[in-house]
Amino acid sequence: MKRRDFFKTGAAVTLAAGLNFDKLNAALKSNNMIVEAAPDMVAVMGGEPAAMLDKALEALGGISKYVKKGQSVVIKPNIGWDKKPDFAANTNPELITALVKKCKEAGAKKITVFDHTCDNWQKCYQSSGIEQAAKTAGAVVAPGNDEVYYKTIPIPKGVKLKSAKVHQALIEADVWFNVPVLKNHGGARMSISMKNYMGIVWDRGFFHDNDLQQCIADICTWEKKPVLNIVDAYRCMRKNGPQGRSVSDTSVLKSLIVSPDIVAADVAAIKLFDQVEKMEVSSVGHIANGEKLKLGTQNIDKLNIKRIKI
Amino acid sequence: MSLSLYSQFFIPNLNGLRMKFSFLKRLRVFFALLLFLPVLLFFCDFLNILPKQFHFLMQIQVVPAILAGSIGILLFLAVLTLLFGRIYCSTICPLGVFQDIVSRFSGRGRKKKKKGSKKQWFKYSKPRNYLRYGLLAVCVVFLVFGIVTPLLLLDPYSNFGRIANNLFRPLGMEINNIVAAIALKSGNFSFYHVSVETVTAISLIAAIVVLLVVGIMSFMRGRLFCNTICPVGSLLGLVSRFSLFKVVMDESKCTKCTLCERACKSQCIDSKNIKIDSSRCVSCCNCLSRCKSDAIGYRFSLKTKKQSSALANEVQVSDSLVQNEKREGRRAFMATGTAVVATIPFIPAWADATEVDESKLRPITPPGSKSLQHFKEKCTACHLCVTHCPQQILKPAGFNFGLGYLLKPHMVYKKAYCNFECDICSKICPNGAILPAGESKKTIQIGIATFTQERCVVFTDGTDCGACSEHCPTQAVKMLPYKDTLRLPHVTPDLCVGCGGCEYICPVRPFRAINVIANDVHQVSRKPEEEEMEHIEVDDFGF
């Protein structure tokens with residue numbers, strides 16, 4: 001063996017060893033989790049957003065199960081409207097702060113927060129308190145106001161939606177969290193985890209024009225799924241959603257629903273919502289469409305749900 | 001002259017004199033830049049960084065002050081001109097300062113010679129009183145009858161605004177986008193991309209033509225525009241004849257060397273007859289330091305009336321006597337130039353040819369503008385509101401709403417809509433065309449959404465949509481049960497403010513299923529009822 005080849009092989013072996021070691025570690029870790037039998041869903045009630053997130057992640061096996069050291073993370077809240085936090089039109093900023101901190105603890109290299117807003121993006125980011133919350137906790141806040149940030153991806157499993165332009169930050173991320181707020185919605189009936197996907201795409205007009213309920217389910221089939229859907233139900237918007245007219249449209253539920261199963265998370269959230277304002281799961285078309293596309297199950301009674309009251 | 005004693009007292013020797021005069025010029029340049037740069041930046045501030053207080057600099061412009069009826073500001077400007085001459089034109093007027101900058105690049109009239117180029121000097125020219133006072137009279141007469149169009153086309157501030165909004169601002173935005181694109185490649189989101197949505201074909205052409213006409217005029221002839229076309233210049237010229245401080249010549253000392261005349265970018269120094277036309281002098285003070293015999297100075301002078309009448313007489317006499325071809329040529333140039341400026345808008349009728357939408361036959365005017373009539377009478381299309389609308393929905397009109405609405409902004413809901421919480425346009429309008437709205441903005445009804453069921457996707461495709469209702473800030477557009485689980489939009493007109501949220505998001509093309517139709521006179525919408533907050537205790541998950 002020539003000296004040069006010797007070095008080359010040596011370097012390659014070292015690299016390979018490094019990689020294998022990482023993978024092995026991860027495999028070992030996830031094995032541990034399986035042994036502990038993490039629940040399919042965690043529902044927490046009665047605490048502040050940060051405390052509830054703490055409990056939920058603890059029950060699921062800790063943040064490090066989802067975020068590995070050096071990974072880049074995207075947190076996708078709902079920041080659709082130029083409204084203050086008490087309108088429940090946007091995700092609770094305290095929850096975002098708490099989640100960013102958790103990701104930091106897990107050693108995330110970069111945490112990006114964005115939404116394709118409906119109202120003026122700067123006003124939404126500011127009024128919702130999310131820009132401030134994310135920045136102070138150490139995340140980057142990315143704009144989503146312009147087509148240049150969106151790249152086309154194929155949606156092979158989509159029925160109506162075959163491709164979509166998705167935000168670059170999300171395409172480049174290693175993992176992402178879907179963090180919607182629980183809301184009534186004039187068009188889609190309810191806006192929870194699945195509807196929150198509409199904030200990752202550029203052309204929403206296509207959705208409205210081509211069977212909204214089907215397109216919502218279609219975009220959720222994109223291969224890059226969120227590691228967790230974290231439904232903020234600290235406050236919910238009971239009616240006049242998705243914007244709300246006043247604080248009187250909201251109810252304080254002090255709850256949080258967390259699950260990797262997007263359909264189950266939304267079904268559970270609707271059942272929670274149903275207690276303050278009548279809402280049938282069957283009238284929210286994209287839920288059934290989502291189940292048909294094998295995104296998750298509507299039959300949440302069969303799931304292992306951990307309920308925690310603080 | 002009468003005040004030679006006075007000047008001797010303060011300025012004991014020639015060197016000192018030169019220094020003092022060059023100080024006056026520097027002072028003028030300092031104030032010019034101090035006032036010009038913030039105005040330029042305020043127009044180009046696409047990141048919305050600058051404090052809104054900057055709009056004070058637009059309020060002190062003559063035409064906005066007249067239209068807004070700011071008597072205090074007008075009095076101040078009148079006193080300023082009566083005291084110091086047309087320093088307004090040299091410092092406050094952004095188009096005036098812009099011309100000085102262009103003129104400086106031409107090097108004409110400057111002492112230092114550019115290498116290898118033939119030195120170009122300024123030369124005295126006769127005033128074109130018929131033209132300048134004629135144009136002023138046209139503007140005034142039309143204004144009296146509530147037609148602002150001639151003033152809109154000639155007002156220096158509005159023209160500068162249009163140049164800034166349609167040319168300088170987009171340029172800044174494109175530079176920003178290059179930086180943002182480079183940053184984005186490395187995943188850096190600190191710079192963000194901005195799209196230029198506020199430039200329409202007609203406003204762009206209007207800005208380019210004015211930039212070229214004013215640019216060429218100032219490059220070749222200094223303040224020619226200000227002294228022949230600009231109605232503000234002519235108006236102030238009527239006042240500055242009588243101003244207390246002015247540039248005057250001392251017959252006893254003048255050697256008729258023409259040094260001062262060559263430096264005068266207003267071309268108002270007639271060194272042969274030792275006369276200065278104060279109505280055209282903008283008090284730039286360029287001439288002062290040129291004089292080698294202390295014959296010219298910026299001084300207190302009460303001998304105004306005699307002088308100016310003598311001058312006027314002389315002008316008339318020479319006008320009737322001298323008829324040379326060269327001047328004819330110049331006049332032709334002037335007439336052509338003016339005609340071009342005035343006919344800019346007529347050129348590109350083709351440019352505004354868009355889809356014919358019946359709901360858009362009348363312009364939607366911004367909240368605070370009271371009525372179409374009020375807005376048409378007050379707006380001179382400076383485009384300040386256009387540059388500051390965070391949603392970029394205020395767009396300059398073409399001919400679609402008639403000559404009376406030319407270049408004026410109207411609300412276009414194609415790519416965005418009026419933010420419910422925002423009233424920035426009403427805060428910064430210097431003309432009083434959009435009056436401060438404040439909290440009342442949320443109940444100003446500028447138009448009413450009208451729903452066309454036959455076009456709606458819920459009706460045609462039988463699928464859920466509700467995008468319009470989703471974007472309605474007042475729930476004037478509400479989804480009501482239609483059939484099965486489907487719900488169809490329904491408009492409650494008296495709740496609607498005409499923000500265009502519904503129209504913007506409606507996915508139906510080419511004509512949308514919901515459109516805002518303008519209110520010619522703005523109305524007050526009904527405030528959504530305040531409901532008591534229901535406290536519903538929930539201590540069960542429900543699943």
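Proteins get letters first, then strands, A, B, ... in listed order; numbering begins at 1 in each.
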Quick one: what part of B:Asn419 sits under 4.5 Å from any heavy atom of chain A, side chain, backbone, both or neither?
side chain
Check whether B:Ser195 gets within reach of chain A through its side chain, its backbone, both or neither, counting any heavy atom under 4.5 Å.
both
To the nearest 0.5 Å, atom CG of B:Asn515 lies from atom OG1 of B:Thr452 at 6.0 Å
So, the part of A:Asp146 with a heavy atom under 4.5 Å from chain B: the answer is side chain
Measure the CZ-NZ distance between A:Arg238 and A:Lys183 for me, rounded to the nearest 0.5 Å.
15.0 Å
Non-hydrogen atoms of chain B under 4.5 Å away: do they reach the side chain of A:Lys239, the backbone, both or neither?
side chain
Side chain, backbone, both or neither of A:Val284 within contact of chain B (heavy atoms, under 4.5 Å):
neither
Using modelled atom types only, decide if a donor and an acceptor are shared between the side chain of B:Lys395 and the backbone of B:Pro409 within a distance under 3.5 Å.
no
Most heavy-atom pairs under 4.5 Å with chain A, out of B:Cys468, B:Cys506, B:Cys472, belong to B:Cys472
Proximal component of A:Gln122, with respect to chain B [non-hydrogen, under 4.5 Å]
side chain
Is the distance between the ring centroids of A:His167 and A:Trp176 under 6.0 Å?
no
Using non-hydrogen atoms only, which part of B:Asp540 is less than 4.5 Å away from chain A: side chain, backbone, both, or neither?
both
So does A:Lys151 have more than 12 non-hydrogen atoms from other groups sitting under 6.0 Å from NZ?
yes
Cut-off 4.5 Å, heavy atoms of chain B, and the answer for A:Lys254 is neither
What part of A:Thr250 gets within 4.5 angstrom of chain B, counting heavy atoms only: side chain, backbone, both, or neither?
both
A:Gln168 portion near chain B, given a 4.5 angstrom heavy-atom threshold
side chain
Could you state the interatomic distance from CG (A:Leu272) to CD1 (A:Ile257), rounded to the nearest 0.5 Å?
5.0 Å
With ring-ring contact (aromatic ring centres under 6.0 Å, His included) as the test, pick out the partner of B:His471 among B:Phe420, B:Tyr417, B:Tyr413.
B:Tyr417
Quick one: do the A:Asn240 and B:Lys478 side chains pair a donor with an acceptor below 3.5 Å?
yes
Residue part contacting chain A, namely of B:Val538, when any heavy atom lies under 4.5 Å:
both
Counting heavy-atom pairs under 4.5 Å with chain B, which one of A:Gly205, A:Ser282, A:Gly244, A:Pro242 comes out on top?
A:Pro242
Step through it carefully: locate the ring centre of A:Tyr150, locate the ring centre of A:His116, and say whether they are under 6.0 Å apart.
yes
Closest-packed option against chain A by number of heavy-atom pairs under 4.5 Å, given B:Ala467, B:Pro507, B:Gly466
B:Pro507
Could you have a look at A:Gly80, A:Cys118, A:Ser283 and say which one has the most heavy-atom pairs with chain B under 4.5 angstrom?
A:Cys118
Do A:Trp202 and A:Tyr149 have ring centres separated by under 6.0 Å?
no
Quick check on A:Ile270 against chain B: is it the side chain, the backbone, both or neither that has a heavy atom closer than 4.5 Å?
neither
Considering the options A:Val141, A:Asn145, A:Val113, which one meets the side-chain contact (heavy atoms from CB on, under 4.5 Å) requirement together with A:Tyr125?
A:Val141
Considering only heavy atoms, which portion of B:Val477 lies under 4.5 Å from any heavy atom of chain A: side chain, backbone, both, or neither?
neither
